[in-house]
Amino acid sequence: MSEFVIPRRAVVPAGVADDRARCDGFVLGGRIPLLASVLLAAAGGLLLRAAFPGPAVWVLAFPAIAIALVALRGRRLGAALLVGLVFGAAFWFPHIGWASRFLGVLPWAALATLMSLWMGAGAMLITLAYRWLPRVVPGRVGRLVLLPAVVAGLWILREGVSSIWPYGGFSWGRVAFSQSDSPFQSLFSWLGSSGLSFLMVLLVAAAIEIVLDPAGRRALRGAVVTAVALAVLIVPTFPTTPDGTLRVGAVQGDTKAGYFDPPENVGDNLLGQARATEPVFDQNVDVVVWPEGASDVDPLRNGWAARIWDLVSAEADAPIVGGTITHRGDEYFNTSLLWKDGEAADHYDKKHPVPFGEYIPDRAFWRPFAPDLIDLVQREYTPGTTDTVMDVGKAVAGFAICFDIVDDAIMRQSVDDGAQVILAQTNNADFGEDTDESVQQLAIAQVRALELGRSVVNISTVGTSAVVLPDGTVTHRLPTYEPGVIVDDVPLRTGTTPAVAVGLQLEWFLALGGLLLLAASGIRSRLDRRARL
């Protein structure tokens, strides 16, 4: 009697093996070992960071997305969470390293960790898509078309939710924001930021499926994806309607403008800003634009400050739009004043104060965790409720104060309210000269110019200050940490881009569509499994 030997590995017919591979969400030799996936995720996160300013190697965003998706194929949920966390941490911690300069290491680490957790949650959904979709939608249409679309929809779902929750969210690191200077930039005017994020992930996810397709004809399918990518590259920027120019004198004062400047220095920022404005006096400008925090004394409550605003306005023979802190009742606001004829003719209050920077949400809850840190933030800014535009004389200007620039709703509303140009006022002094915060913010200003079809005057206390034209071209960029002025006849525009008209609806259609298809495939997969029992 021969000895019974258990085979080391069962032999499975080739066709069955291919089907099983598709069902498990991987092909060509099985999934990548978890340790390798974690290392890949770390490398992918660092690559994605390099796609954004300062390195600004935009093309690296695509292999970074590919690495993240490949690392998630065939993973269990716990492993997918780990891979997403590692990818997120490798990206977010260096990407917003400048946040540690404001309040210290703890808030920076907390924000980076929160955003990494969001990436982990999104990774779990994506790994479920790789598991379920091939089971319930067999064939190449499901794998090469539907699966990439669902994966891309889930990616922008995570980006969208993390942009609004908690405490107003944080949308700084959308993959589309890495493309402000890329050949894809014209698509911002058609698809908006979320639409371009979707397209980027869709192209990468489809390319992965083509490469891993075991049935051949990869060259033909690869050519199709390449042709689609090249086709979208030749799409022109959506044309808005020219409507004259506004001669702007934008002033970078190179003042401290810091949140924690000692009280004895009060007034220095206003004086420095006024002195830096002198080159504008003989330039026949239509409006003088000062940055956020330009005046550290409120001219509405201080006669000395009001006289300085009056003097500068009179010398320039133009109204001033400038930032200061206003106090009404028991509330503080981060405000941009329109100052002319000796008074504030209008104002805009910042709508998106920075949580844990400009105010402490749920202070009683968070204070026990870091009382010294929480107590540093004494002044609680109230979110503004004003409209988003002001008539500055020869144009209607839309406003964005600092992180307002990343709020989709605020920027779209400014166009709906009639903005012909965007004045983006910011204070980057607290983030340090050797960080990338200001150039990242300028890249977002480029994206907004393209999305809205409007020029953006991005003026900072210390830089990076520049004018961005409606086609995304950056002009009149000032050196950082030096006083300087921009005098430019800035193009005005009217009309609405598709990104403004349908951008929000497109974002949630794609995101919720991906989520609903994932849920339907999960239910169908469970029902099929029960039927086989």
Side-chain angles (χ1 to χ4, degrees), residues 156 159-165 167-172 174 176-177 188-197 238 240-241 243 246 287 289 292 321 323 326 333-338 345-355 358 381-392 395-426 441 444-459 468 470 472 490 492-509 511:
I156 68 165
E159 285 191 345
V161 175
S162 66
S163 296
I164 60 176
W165 192 89
Y167 304 128
F170 189 67
S171 62
W172 199 264
R174 291 175 174 175
F177 286 166
F188 282 113
S189 65
W190 297 90
L191 304 176
S193 300
S194 294
L196 183 53
S197 286
F238 183 86
T240 47
T241 305
D243 194 28
L246 180 72
V287 63
V289 183
E292 175 193 22
V321 173
T326 58
F333 297 88
N334 191 341
T335 301
S336 182
L337 297 176
L338 172 62
D346 202 350
H347 69 278
Y348 167 76
D349 294 327
K350 184 177 183 179
K351 292 184 179 293
H352 200 147
V354 180
E358 293 180 309
Y381 293 129
T382 300
T385 58
T386 60
D387 59 15
T388 58
V389 299
M390 289 192 277
D391 187 340
V392 298
V396 176
F399 283 80
I401 298 178
C402 199
F403 287 167
D404 280 348
I405 196 77
V406 298
D407 191 309
D408 293 343
I410 293 173
M411 302 313 299
R412 292 182 183 126
Q413 188 62 49
S414 66
V415 172
D416 291 341
D417 289 342
Q420 299 165 284
V421 62
I422 304 299
L423 303 182
Q425 302 161 289
T426 183
Q441 189 168 345
I444 296 171
Q446 285 182 263
V447 170
R448 294 311 189 193
L450 288 156
E451 281 184 333
L452 306 180
R454 301 293 189 271
S455 301
V456 176
V457 179
N458 192 75
I459 186 65
V468 186
V490 177
L492 303 176
R493 292 288 189 272
T494 59
T496 302
T497 65
V500 171
V502 298
L504 178 63
Q505 296 89 333
L506 177 65
E507 176 184 7
W508 289 109
F509 172 78

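Values reported hereafter were calculated over all heavy atoms of this structure, with side chains retained and with hydrogens, waters and symmetry mates removed. Position 1 is the first residue of the sequence; numbering continues from there.
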Worked check of side chain to side chain contact (heavy atoms under 4.5 Å, CB included) between I405 and M411: CA-CA 7 Å; I405 196 77; M411 302 313 299; 4.1 Å; yes
Using side chain to side chain contact (heavy atoms under 4.5 Å, CB included), reason through W172 and I444 one step at a time and then give a plain yes or no. CA-CA 8 Å; W172 199 264; I444 296 171; 3.9 Å; yes
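Among residues two or more places apart in sequence or in another chain, the side chain to side chain contact (heavy atoms under 4.5 Å, CB included) test is passed with A397 by V392, F399, V421, L423. By the ring-ring contact (aromatic ring centres under 6.0 Å, His included) test, F238 is found to be paired with W190, residues two or more places apart in sequence or in another chain being considered. Qualifying side-chain hydrogen bond (donor to acceptor under 3.5 Å, both in side chains) partners for E159, counting only residues two or more places apart in sequence or in other chains: W155, S197. Applying the side-chain hydrogen bond (donor to acceptor under 3.5 Å, both in side chains) criterion to T388, with sequence neighbours excluded, gives D417. Residues meeting the side-chain hydrogen bond (donor to acceptor under 3.5 Å, both in side chains) test with S171, sequence neighbours left out: none.
E292 and N334 form a side-chain donor-acceptor contact under 3.5 Å, judged by distance and modelled atom types alone.
Here the CD1-CD1 distance, from I410 to I422, works out to 11.0 Å after rounding to the nearest 0.5 Å. Atom OG1 of T382 and atom CG of D349 lie 9.0 Å apart (nearest 0.5 Å). Note: Y348 OH to T386 OG1 = 6.0 Å, rounded to the nearest 0.5 Å. The structure places CG of D416 at 6.5 Å from OG1 of T496, a figure rounded to the nearest 0.5 Å. Atom NE2 of residue H347 and atom OG1 of residue T335 lie 6.0 Å apart, to the nearest 0.5 angstrom. Atom CG in L492 sits 9.5 Å away from atom CZ in R454 (nearest 0.5 Å).
Of all the heavy atoms in V415 and G495, the pair that sits closest is CG1-O, 4.2 Å. When all heavy atoms of E358 and P353 are compared, the pair lying nearest together is OE1-CA, 3.1 Å. The nearest pair of heavy atoms linking S189 to P498 is O-CD, 3.4 Å. Closest non-hydrogen pair, S414 versus V389, comes out as O-CG1, 3.6 Å. Taking every heavy atom of both residues into account, T240 and G453 meet most closely at OG1-O, 2.9 Å. When every heavy atom of G169 is checked against every heavy atom of H352, the shortest pair comes out as O-NE2, 3.9 Å.
Considering only heavy atoms from C-beta on, M390 comes within 4.5 Å of S336 through its side chain. Residues F188 and S193 meet the side-chain proximity criterion, which asks for heavy atoms closer than 4.5 Å.
Put simply, the side chain of K351 never gets that close to the backbone of I401: no donor and acceptor are under 3.5 Å apart. Looking at Q420, its side chain never comes within 3.5 Å of a backbone N or O of T494 through a donor-acceptor pair. Remark: the backbone N or O of E507 is not paired with any side-chain donor or acceptor of S194 at under 3.5 angstrom. The closest donor-acceptor contact from the side chain of Q413 to the backbone of A409 lies at 3.5 Å or more, if one exists at all.
Other residues, nucleotides and ligands contribute only 12 or fewer heavy atoms inside 6.0 Å of the CZ atom of F509. Counting non-hydrogen atoms of other residues, nucleotides and ligands closer than 6.0 Å to CH2 of W165 gives a total of 12 or fewer.
A side chain to side chain contact (heavy atoms under 4.5 Å, CB included) with V457 is found for exactly one of V287, V490, V321, namely V490.
Pairs engaging residues 398-412 under the salt bridge (charged side-chain N to carboxylate O under 4.0 Å, His left out) rule: R174-D408, D408-R448 [sequence neighbours left out].
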